Amino acid sequence: MRRAAVVAALARVAEGGPGPGFGPGGSGCGARLLLPPGRARPSDHTGWGEAVAATARALLSGGLVAVPTDTVYGVACLAQDTGAVQSIYRLKGRDGGKPLAICLGDVENIHRYCQVNVPHELLQDLLPGPVTLVLKRSEELNKDLNPFTSLVGVRIPDHSFVRDVARACSGPLALTSANFSSQASTLTVSEFQDLWPHLSLIIDGGPIGDVQSPECRLGSTVVDLSVPGKFSIIRPGCALTSTVEILRQKYGLIPGSS
């Protein structure tokens, strides 16, 4: 989109209205906004802050937003908004027994929503990064989010945009991959076009990794740290070797049953 079109779309989203059509046949519920190349926050790009504000506004209005992360594209909503969480399950056709992860802007915020029984330095060694840490949830987290388990996965992606959005929302985001359940993870926005009409906003950060490489679609490494002194790999993901090395060699954790 050209700059003028981006600004117009941002204005419509900020006002709570729909952006231009972008779905199949020109239909759609939200705007598609392009980010500058790269994952780092471009300090000289005024559109960055506008895009963050528009995304936060869409989320605070109960919407679902597609965002780039450090691994694959994701769909996010406010984790504390029960209606929005239910919308994600309907959107993906997802089994209600499969949990959603939460996404935070900073490592320090993990202690607010989780019961942490590992050193804070361990959290800092793994996050931000392509890892999901499964911990015991705190009472402050929405009880309607994954009500069937006392655990929750936590993501802090190594991607400045989604972290800025989480900070702007002042609360956790519920985050899942931008695809229908059982389908492959997506590395470009065009790969999840079927979801477009059901989203309030799409943030296009360009291709994530090598779209021809199956390894780039593995998603984050998911590791359970809820049992003191142990770790269990739930999903190998894209950062298995480095994650296990940190947990075993630096912190002395031992493998447990997954």
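None of these values were measured; they are calculated from a predicted model.
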Quiz item: Does Thr186 have any side chain to side chain donor-acceptor pair (under 3.5 Å) partners at least two apart in sequence or in another chain, and if so, which?
Solution: none
Self-check item: For Asp144, side chain to side chain donor-acceptor pair (under 3.5 Å) partners two or more places apart
Solution: Thr82
Quiz item: Listed by chain and number, what are the salt bridge (charged side-chain N to carboxylate O under 4.0 Å, His left out) partners of Asp204, not counting sequence neighbours?
Solution: Arg32
Practice problem: Could you pull out all residues at least two apart from Tyr73 that satisfy ring-ring contact (aromatic ring centres under 6.0 Å, His included)? | Solution: Phe192
Self-check item: Residue list, side chain to side chain donor-acceptor pair (under 3.5 Å) with Ser220, at least two apart or on another chain
Solution: Thr132, Arg235
Practice problem: Determine which pairs satisfy salt bridge (charged side-chain N to carboxylate O under 4.0 Å, His left out) with at least one residue from residues 238-252, sequence neighbours left out, and list them in order. | Solution: Asp125-Lys250
Self-check item: Chi angles and distances behind the side-chain contact (heavy atoms from CB on, under 4.5 Å) call for Arg167, Asn109
Solution: CA-CA 10 Å; Arg167 295 184 186 109; Asn109 294 334; 5.9 Å; no
Quiz prompt | Heavy-atom closest pair, residues Ile156 and Gly105 | solution = CG2-O, 4.0 Å
Practice problem: Just jot down the salt bridge (charged side-chain N to carboxylate O under 4.0 Å, His left out) partners of Glu140, sequence neighbours excluded, or say none. | Solution: Arg112
Exercise. Check side chain to side chain donor-acceptor pair (under 3.5 Å) between Gln115 and all other residues, then give those that pass, not counting sequence neighbours.
Key: none
Practice problem: Check Val222, Leu225, Val223 against Val134 for a side-chain contact (heavy atoms from CB on, under 4.5 Å) and give me the one that passes. | Solution: Val222
Quiz item: For Asp70, which of Arg155, His159, Arg163 qualifies under side chain to side chain donor-acceptor pair (under 3.5 Å)?
Solution: Arg155
Practice problem: Not counting sequence neighbours, which residues clear salt bridge (charged side-chain N to carboxylate O under 4.0 Å, His left out) with Arg137? List them please. | Solution: none
Practice problem: Scan side-chain atoms only and decide if Arg90 and Ser87 contain a donor-acceptor pair under the 3.5 Å cut-off. | Solution: yes
Quiz item: Are the side chains of Leu253 and Leu122 in touch, meaning some heavy atoms are under 4.5 Å apart?
Solution: yes
Practice problem: Using the ring pair (Phe, Tyr, Trp, His ring centres under 6.0 Å) rule, collect all pairs that involve residues 201-254, keeping only residues at least two apart or in two chains. | Solution: none
What pairs of donor and acceptor atoms, side-chain ones from residues 210-218 against any protein atom, are under 3.5 angstrom apart with sequence neighbours left out?
unit_1, atom_1, unit_2, atom_2, d
Asp210, OD1, Gln212, N, 2.9
Ser213, OG, Glu215, N, 3.4
Ser213, OG, Glu215, OE1, 2.9
Arg217, NH1, Ser185, O, 2.8
Arg217, NH1, Glu191, OE1, 2.9
Arg217, NH2, Glu191, OE2, 2.9
Arg217, NH2, Val211, O, 3.1

Quiz item: Do any pairs count as a salt bridge (charged side-chain N to carboxylate O under 4.0 Å, His left out) and have a residue in residues 219-230, sequence neighbours left out, and if so which ones?
Solution: none
